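Values in this document were obtained by computation on a predicted structure and should not be read as measured data.
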Amino acid sequence: MTHSTTRPAPEATDLATALATIMSTHLSDQPIGLDDDFYAMGGDSLIALRVVTDAQRSGIQIGLRDLLYHPTIRELVAAVGKEDPNPPPYSGDAHTELLPPADMALLPAGVASAAPTTELQLGMIYLIEHSGDPQLYQALIGWQVRADFDEPRFRAALDALVARHEALRTSFDLGGFSQPVQLVWSSITTPLTVEVAAGADATEARAAARRWRENTLTLPIDWSQAPLWRCHVVAGDGVFDVTVVMHHAIVDGWSYGRVVVELLRLYHAAAAGAAGPAAGLDEQAGLPPVPAGAHRRFLDAERAALASEAAERYWRQQSDLPPLLFERGPLSGPADARLSTSFAMPAELMRRLRETARTVGVPLKSLGLTAHVWALRALARRAGDIVTGVVVNARPETPGADLVVGPYLNTVPMRIGDTRGTWADTARGVFDAEREGSAYWAYPLARIETGLGRPPFDATFNFTQFQIDRDASGIPGPPIDSWWIEGKPSFAFRVDFDVDVTDAGSRLVVSFDPALLTAAQAELHLARMREALTLLTADPWAHPPATRRPDGKDGR
């Protein structure tokens, strides 16, 4: 558990009420009882982080792993107050203490702070440089508004956003210091370009935005120049289309959702006539201060994981299995999963999945991962243990950490044992496997790959519960007409289980590199996942259909 000094902890008799209030707030105001499972009610790792940090602000001494292992209020109340080895949260971010004096003397004028680059960041930068593909790990999000565009107020909103978040003022120096360094600049020139398309309607504005993206994403990245993101607006006739392009070396998926919601709030505050400099616009927009210390806390967690023999041993054990589907050779560079196939999940299926999650007592993510594992075992025609990559949240557990913009997602191998149990047994086993690895989530994937001498998994599973639409829905002003999200990871075979993805609903997406996986294999995997989700919601206590081993025998 993480100790908090913000205020005295509530009395034990009040803990249940306090935790119920906090959890309910972050679960869309659902009432939650003493024995209701937080994850089965729709919680995920990022919602859990919000619960934990709010609890810490209230003086309740819990950490993220406490909520992972004690998902009901009754269990959490019993766990509060027990001794915990985790250090207290940092009160500030002393970046300068992380670099030797010789490096500090080399900092250029205009740098507000500097720190070593994390291995997670370096791994992404290396892959991009090695591949020569500037689109790799570029995250794009866009939206369209049916209203006239106000450029001065939009610029004021962007300036306020940049002032709030260090990541938006970040560059990297990879060779000028004793180690690769992340530089945070005091100020930058806001990277906004505006394309005035007089008379353009919504369709034409969207087409113009698409042309800009296609041209921009071909440009090489200069890591030494801040900022490492861009914003483009196409202003048409009573409509404007916004595109934000950010690099995952400075932001993760949660972060760019946060950026969009804050930008919308700041723009509304500016458009509402808020006076004064941009530095005060965040207060007028009702945005809370962004806590300091996240980068240092994550860097310390990564270093501690890298120094841990237990962590190294754990990830070697998780990943030391023969490849499931294809041989790629020793660290052969990033794959190009440029093709995809998808399935839009009907609302009724999502309702049944949520109901099944509650019945079984696991997160919705675990049901999706169960379907992926069953389909992957069938595709590989392999009995026994298999390994898949899983995207996890390694964000620091400091109060307000959900407000911080930065790169805090990691992808790690998860070894799933062969089971002859029911769908429910498998889902619970999957959840147990994820909890078991949570102590080491800050261990960088690049180090796992180096130790193994090859990629540790062929397929990757990512669960995302989008909240942009919900968070943006309460912002006054013209509503968002449409959303879109794009990105290009480096994995050869990636399954995305997306819940409430802006205006596209919920969906399964299988992206693949055609040099390593055929379209027929991708379609088959998607169809089997769809079959698994249908079967497990029909009867979670039934056994999954047997898969066929290469020797012709049945295996589950």
**Q** Would you check if there is a donor-acceptor pair between the side chains of Ser255 and Arg395 at a distance under 3.5 Å?
**A** yes
**Q** Going from CD on Glu75 to CG on Leu67, what distance comes out if it is rounded to the nearest 0.5 angstrom?
**A** 10.0 Å
**Q** Is there a side-chain hydrogen bond (donor to acceptor under 3.5 Å, both in side chains) between Tyr443 and Glu312 once you walk through the steps?
**A** CA-CA 8 Å; Tyr443 198 95; Glu312 189 276 335; 5.4 Å; no
**Q** Between Arg358 and Glu355, is the salt bridge (Lys or Arg N to Asp or Glu O under 4.0 Å) condition met? List the steps.
**A** CA-CA 5 Å; Arg358 289 195 184 202; Glu355 184 178 280; over 6 Å; no
**Q** Do the side chains of Leu533 and Met345 get nearer than 4.5 Å, heavy atoms only?
**A** yes
**Q** Would you compute the distance between atom CD of Glu262 and atom CG of Leu281 and round it to the nearest 0.5 angstrom?
**A** 11.0 Å
**Q** Could you walk me through whether Phe457 and Thr411 satisfy the side-chain contact (heavy atoms from CB on, under 4.5 Å) test, starting with their C-alpha distance in whole Å, then the side-chain angles of each, then the deciding distance to 0.1 Å, before giving a yes or no?
**A** CA-CA 10 Å; Phe457 43 76; Thr411 306; 3.7 Å; yes
**Q** Give a yes or no on whether the backbone of Thr422 and the side-chain of Thr426 come within a donor-acceptor separation of less than 3.5 Å.
**A** yes
**Q** So do the side chains of Val162 and Trp229 get within less than 4.5 Å of each other, counting heavy atoms only?
**A** yes
**Q** Measure the spacing between CG of Leu228 and CG of Leu168 and express it to the nearest 0.5 Å.
**A** 10.0 Å
**Q** Quick one: do the His26 and Asp54 side chains pair a donor with an acceptor below 3.5 Å?
**A** yes
**Q** Once you measure the plane-to-plane angle for Trp315 and Tyr440, does it fall in the parallel (<30°), tilted (30-60°) or perpendicular (>60°) bin?
**A** perpendicular
**Q** I would like to know whether Phe512 and His525 meet ring pair (Phe, Tyr, Trp, His ring centres under 6.0 Å); could you show each step before the answer?
**A** CA-CA 11 Å; Phe512 62 100; His525 189 80; over 10 Å; no
**Q** Would you please test Val412 and Gln318 for side-chain contact (heavy atoms from CB on, under 4.5 Å) and show each step?
**A** CA-CA 9 Å; Val412 295; Gln318 287 291 300; over 6 Å; no
**Q** Taking side chain as C-beta onward, heavy atoms only, is Asp300 less than 4.5 Å from Phe298?
**A** no
**Q** Report yes or no: does Arg258 contribute a side-chain atom to a donor-acceptor pair with the main-chain N or O of Val405 at less than 3.5 Å?
**A** no
**Q** Are more than 12 heavy atoms from other residues, nucleotides or ligands located less than 6.0 Å from atom CZ of Arg428?
**A** yes
**Q** Just by distance, with hydrogens left out, do Asp14 and Thr17 show a side-chain donor and acceptor under 3.5 Å apart?
**A** no
**Q** Would you list the pairs meeting ring pair (Phe, Tyr, Trp, His ring centres under 6.0 Å) in which at least one residue belongs to residues 31-65, sequence neighbours left out?
**A** Tyr39-Phe431
**Q** With a 3.5 Å cut-off and no angle check, do the side chains of Asn462 and Thr460 form a donor-acceptor pair?
**A** no
**Q** How long is the span from the CG atom in Leu15 to the CD1 atom in Ile62, to the nearest 0.5 Å?
**A** 9.5 Å
**Q** Which heavy atom in Met529 sits nearest to a heavy atom in Gly368, and how many Å separate them?
**A** CE-O, 3.7 Å
**Q** State the CD1-CZ distance between Ile448 and Arg316, to the nearest 0.5 angstrom.
**A** 11.5 Å
**Q** Hey, is Arg435 close enough to Asp432 for a salt bridge, meaning N to O under 4.0 Å?
**A** yes
**Q** Just by distance, do the side chain of Asp37 and the backbone of Thr72 share a donor-acceptor pair under 3.5 Å?
**A** no
**Q** With a 4.5 Å limit on heavy-atom distance, are the side chains of Phe493 and Val510 in contact?
**A** yes
**Q** For residues Leu161 and Leu266, report the shortest heavy-atom separation together with the two atoms involved.
**A** N-CD1, 3.7 Å
**Q** May I ask you to decide whether Asp496 forms a salt bridge with Arg507, counting only side-chain N to carboxylate O separations under 4.0 Å?
**A** no
**Q** Report yes or no: does Thr25 contribute a side-chain atom to a donor-acceptor pair with the main-chain N or O of Thr21 at less than 3.5 Å?
**A** yes
**Q** Is there a donor-acceptor contact under 3.5 Å from the side chain of Asp282 to the main chain of Arg164?
**A** no
**Q** Checking Arg169 now: which residues fulfil salt bridge (Lys or Arg N to Asp or Glu O under 4.0 Å) with it, not counting sequence neighbours?
**A** none
**Q** Roughly how far, to the nearest 0.5 Å, is the CD1 atom of Ile128 from the OH atom of Tyr126?
**A** 12.5 Å
**Q** Any donor-acceptor pair under 3.5 Å linking the side-chain atoms of His248 with those of Gln121?
**A** no
**Q** For Leu140 and Val244, what are the C-alpha separation, side-chain angles and deciding distance, and is it a side-chain contact (heavy atoms from CB on, under 4.5 Å)?
**A** CA-CA 6 Å; Leu140 300 91; Val244 179; over 6 Å; no
**Q** How about Val290 and His165: do any of their side-chain heavy atoms sit closer than 4.5 Å?
**A** yes
**Q** Does Glu309 have more than 12 heavy atoms from other residues, nucleotides or ligands lying within 6.0 Å of its CD?
**A** no
**Q** Angle class for the Trp374/Trp423 ring planes (parallel below 30°, perpendicular above 60°, tilted otherwise)?
**A** perpendicular
**Q** Restricting to non-hydrogen atoms, name the atom on Val404 and the atom on Ala294 that form the minimum distance, rounded to 0.1 Å.
**A** CG1-CB, 3.6 Å
**Q** So do the side chains of Leu367 and Val430 get within less than 4.5 Å of each other, counting heavy atoms only?
**A** no
**Q** Residues in salt bridge (Lys or Arg N to Asp or Glu O under 4.0 Å) with Arg528, at least two apart?
**A** none
**Q** List the atom of Glu449, the atom of Pro456, and the distance in Å for their closest heavy-atom pair.
**A** CG-CD, 3.4 Å
**Q** Are any of the side-chain heavy atoms of Leu321 and Ile386 separated by less than 4.5 Å?
**A** no
**Q** Are the side chain of Ser366 and the backbone of Val362 linked by a donor-acceptor contact shorter than 3.5 Å?
**A** no
**Q** Work out which heavy atom in Val499 is nearest to a heavy atom in Ser506; give both atom names and the distance.
**A** CA-OG, 3.5 Å
**Q** Kindly indicate whether the side chain of Met350, heavy atoms from C-beta on, has any atom under 4.5 Å from the side chain of Arg354.
**A** yes
**Q** Donor-acceptor pair, distance only, cut-off 3.5 Å: does the side chain of Thr464 make one with the backbone of Asp498?
**A** no
**Q** Indicate yes or no for a side-chain donor-acceptor contact from His295 to the backbone of Pro116 under 3.5 Å, with no hydrogens or angles considered.
**A** yes
**Q** Please lay out, stage by stage, how Leu306 and Glu119 fare under the test side-chain contact (heavy atoms from CB on, under 4.5 Å).
**A** CA-CA 10 Å; Leu306 287 168; Glu119 287 210 20; 3.5 Å; yes
**Q** So which atom in Gly417 and which in Arg377 form the shortest heavy-atom distance, rounded to 0.1 Å?
**A** O-NH2, 3.6 Å
